[in-house]
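Below you'll find the structure, written out as structure tokens, and then a few comments.
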Protein chains: 2
Amino acid sequence: MNNVEDNKQLKLKSQLCFPIYALARDIVAAYRPLLEALDLTYPQYLALLVLWEKEEQSVSQLGEQLDLDSGTLTPLLKRLEQKGLVNRKRSTTDERSVLISLTEAGSKLQFEAANIPSKLMEAMPVSAAELKTLQHIICKIRKNIRKI
Amino acid sequence: MNNVEDNKQLKLKSQLCFPIYALARDIVAAYRPLLEALDLTYPQYLALLVLWEKEEQSVSQLGEQLDLDSGTLTPLLKRLEQKGLVNRKRSTTDERSVLISLTEAGSKLQFEAANIPSKLMEAMPVSAAELKTLQHIICKIRKNIRKI
DNA sequence: TTAATTTAAATTGTGCACAATCTAATTTTG
DNA sequence: CAAAATTAGATTGTGCACAATTTAAATTAA
């Protein structure tokens with residue numbers, strides 16, 4: 001007779017989601033030594049990536065690209081401001097929004113970050129084809145994951 | 001002439017790691033409504049998964065399987081203790097280690113959790129074959145990701 | 001044009017993650 | 001054996017994530 005204790009689906013090893021959750025932490029850990037040299041955390045680095053593409057954006061524009069809300073971004077951006085990497089000022093045309101812009105230092109930091117992506121990829125032990133497959137499947141899940 | 005601003009590798013869209021990081025958050029978000037019914041967070045659910053397989057384990061044994069250290073597990077397990085789902089007691093044979101065991105309530109909770117894996121899989125919009133591929137690539141990365 | 005609604009950030013509170021440090025128990029070594 | 005080294009867990013401090021609420025500004029509707 002099967003009972004719930006034999007439910008294979010409730011075993012950690014048979015979970016798909018645990019490896020994804022653990023991999024995300026592994027990746028942040030792989031970035032850490034590279035980013036420490038720039039005194040950045042991984043989420044801070046992501047915010048800068050977005051700003052290096054377009055150097056002035058509102059908090060909500062950043063949030064849209066990073067899938068993060070103001071509860072996460074406001075303190076993160078204040079820390080980047082403390083480090084002198086970004087400026088925060090209210091928009092004059094819409095006083096509700098706060099515009100984040102790169103400082104000179106924040107802009108220049110991208111030269112130091114230039115080699116991070118390739119260094120990180122060296123640490124990722126998979127072929128280009130596998131990476132592409134991985135990317136494709138993840139995008140598909142992210143696009144369609146059902147909001148329960 | 002290329003300059004660093006044209007460095008495609010420094011664009012968010014060309015990052016492999018961002019989707020993984022974002023997917024991990026999407027997955028936790030997908031679990032949330034299912035776990036809220038059991039008054040559990042996703043990491044707490046993972047800890048219980050491990051305990052449902054073997055109902056008494058040391059903190060370090062849990063940490064090994066979940067890839068988490070005592071800094072994360074100690075408070076998490078105290079919260080599970082508060083909810084009456086686990087007991088914590090020092091081992092008599094080695095006073096350094098703390099044994100975590102399921103209470104009656106903690107053990108019974110697995111009946112309520114029995115349908116979570118299948119419900120979650122319904123929310124994951126990918127074929128079984130793609131899941132298998134995903135699992136394979138992720139395991140490979142996790143096994144070999146280089147400690148820089 | 002005022003009242004109601006919506007929107008953008010900020011704030012508050014909870015719960016991870018994880019580095020670094022500390023304490024106490026155990027094991028290893030000289 | 002005693003001193004040194006190792007191990008297990010707890011603690012401290014920082015930084016996300018995110019739900020829920022608040023405040024103020026802007027938009028819409030009556």
Side-chain angles (χ1 to χ4, degrees), chain A residues 18 21-33 35-36 38-48 57-64 66-83 85-100 147, chain B residues 18 20-33 35-36 38-48 57-64 66-83 85-86 88-100 147:
Chain A
F18 173 68
Y21 153 80
L23 176 60
R25 288 187 286 125
D26 287 346
I27 285 173
V28 172
Y31 270 104
R32 191 168 295 119
L35 292 175
E36 244 161 29
L38 311 191
D39 188 29
L40 292 176
T41 65
Y42 183 62
Q44 289 167 11
Y45 168 71
L46 291 177
L48 288 176
Q57 301 188 58
S58 68
V59 172
S60 52
Q61 284 178 305
L62 294 175
E64 218 165 293
L66 299 171
D67 275 319
L68 293 171
D69 68 8
S70 68
T72 301
L73 284 175
T74 296
L76 183 155
L77 294 168
K78 282 182 178 173
R79 283 186 283 270
L80 289 182
E81 186 186 36
Q82 286 282 308
K83 298 182 202 190
L85 300 175
V86 306
N87 301 123
R88 304 165 64 247
K89 69 164 208 287
R90 289 268 161 198
S91 163
T92 50
T93 60
D94 185 341
E95 295 259 351
R96 290 171 304 178
S97 45
V98 168
L99 298 175
I100 308 299
K147 315 305 174 210
Chain B
F18 173 68
I20 297 173
Y21 153 79
L23 176 60
R25 288 188 286 125
D26 287 346
I27 286 174
V28 172
Y31 271 103
R32 192 167 296 118
L35 292 176
E36 243 161 32
L38 312 191
D39 188 28
L40 291 176
T41 65
Y42 183 62
Q44 289 167 12
Y45 168 71
L46 291 178
L48 287 177
Q57 300 188 58
S58 69
V59 172
S60 53
Q61 283 177 304
L62 294 175
E64 218 166 293
L66 299 171
D67 275 321
L68 293 171
D69 67 9
S70 68
T72 301
L73 284 176
T74 296
L76 184 155
L77 294 168
K78 282 182 179 172
R79 283 186 283 271
L80 289 181
E81 186 186 36
Q82 285 282 309
K83 297 182 202 188
L85 301 175
V86 306
R88 302 164 64 247
K89 68 165 209 284
R90 289 271 160 196
S91 162
T92 49
T93 60
D94 185 342
E95 294 259 352
R96 289 171 304 178
S97 45
V98 168
L99 298 176
I100 308 298
K147 314 306 175 211

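Within every chain, numbering begins at 1; the chains are lettered A, B, ... in the order of the sequence lines, protein sequences first and strands thereafter.
Within the 4.0 angstrom heavy-atom criterion, only backbone atoms of the sugar-phosphate kind lie near L76(B); the bases stay farther away. Heavy atoms of T72(A) sit under 4.0 angstrom from at least one base atom.
Side chain of R90(B) to backbone of R96(B): a donor-acceptor contact under 3.5 angstrom is found.
Of the two residues contacting DNA chain C, namely V28(A) and T74(A), the nearest-nucleotide position lying further toward the 5' end is that of T74(A). Comparing R96(A) and G71(A) against DNA chain D, the residue whose closest nucleotide sits nearer the 5' end is G71(A). In terms of position along DNA chain C, the nucleotide closest to Q61(A) lies nearer the 5' end than the nucleotide closest to the other residue of the pair Q61(A) and R25(A). Summary of the strand contacts: L73(B) and E95(A) both lie near DNA chain D, and taking for each the nucleotide with the nearest heavy atom, the more 5' one is attributed to L73(B).
Taking each heavy atom of D39(A) and K83(A) in turn, the nearest pair found is O-NZ, 2.7 Å. Closest non-hydrogen pair, Q57(B) versus Q61(B), comes out as CA-OE1, 3.4 Å. Summarising the geometry of D67(B) relative to R25(A), their closest heavy-atom pair is O-NH1, 2.7 Å, with the distance given to 0.1 Å. Residues Y21(B) and A24(A) approach most closely at CA-CB, 4.2 Å, considering heavy atoms.
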Per-pair distances, 0.1 Å, donor-acceptor, side chain in residues 70-81 of chain B, under 3.5 Å, sequence neighbours excluded:
| unit_1 | atom_1 | unit_2 | atom_2 | d |
| --- | --- | --- | --- | --- |
| T74(B) | OG1 | S70(B) | O | 3.0 |

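The span of DNA chain D lying next to chain A, judged by atoms under 4.0 Å from heavy atoms, is bounded 5' to 3' by dG15(D) to dA26(D).
Comparing the start and finish of the helix from dT1(C)-dA30(D) to dG30(C)-dC1(D), five pairs each, the helix axis swings through 10°, to the nearest 10 degrees.
L38(A) is not listed as a side-chain neighbour of Y45(A), based on a closest heavy-atom distance of 4.5 Å or more. Counting heavy atoms from C-beta on, the side chains of Y42(B) and L35(B) come closer than 4.5 Å.
In this structure, the CZ atom of R90(B) is 11 Å from the P atom of dA24(C), given to the nearest Å.
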